[in-house]
Amino acid sequence: MAKGKGDRLVVTLGCTECRERTYTSSKNRRNDPDRLELRKFCPRCREHKLYRETR
């Protein structure tokens, strides 16, 4: 039997200030249907910024 779509998917994270896409992460689409937001280090801004899931 064939499996359905997996619940885990890889998402790209982009800086909210400079829009650079530096990080990737995985999330469970069933448990977290909203966009993922994490504080990560931005190499372009050279400080910790809020990174948001991009489409």
Partner of Glu20 by salt bridge (charged side-chain N to carboxylate O under 4.0 Å, His left out), out of Arg44, Lys49, Arg46: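 Testing each of Arg44, Lys49, Arg46 against Glu20, the sole residue satisfying salt bridge (charged side-chain N to carboxylate O under 4.0 Å, His left out) is Arg44.
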
Between Lys27 (side chain) and Asp32 (backbone), is there a donor-acceptor pair under 3.5 Å? yes

To the nearest 0.5 angstrom, please state how far the CZ atom of Arg39 sits from the CD atom of Glu37.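 The CZ atom of Arg39 sits 11.5 Å away from the CD atom of Glu37.
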
Could you check Thr16, Thr12, Leu13, Leu36 and say which one makes a side chain to side chain contact (heavy atoms under 4.5 Å, CB included) with Tyr51?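 Answer after filtering Thr16, Thr12, Leu13, Leu36: Leu13.
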
For [X] against [Y], the heavy-atom pair lying closest together:
| X | Y | value |
| --- | --- | --- |
| Glu53 | Asp34 | OE1-O, 3.8 Å |
| Leu50 | Arg52 | CD2-NH2, 3.7 Å |
| Cys45 | Glu17 | SG-CB, 4.2 Å |

Evaluate the side-chain proximity of Lys40 to Thr22: yes if any heavy-atom separation is below 4.5 Å, no if none is. no

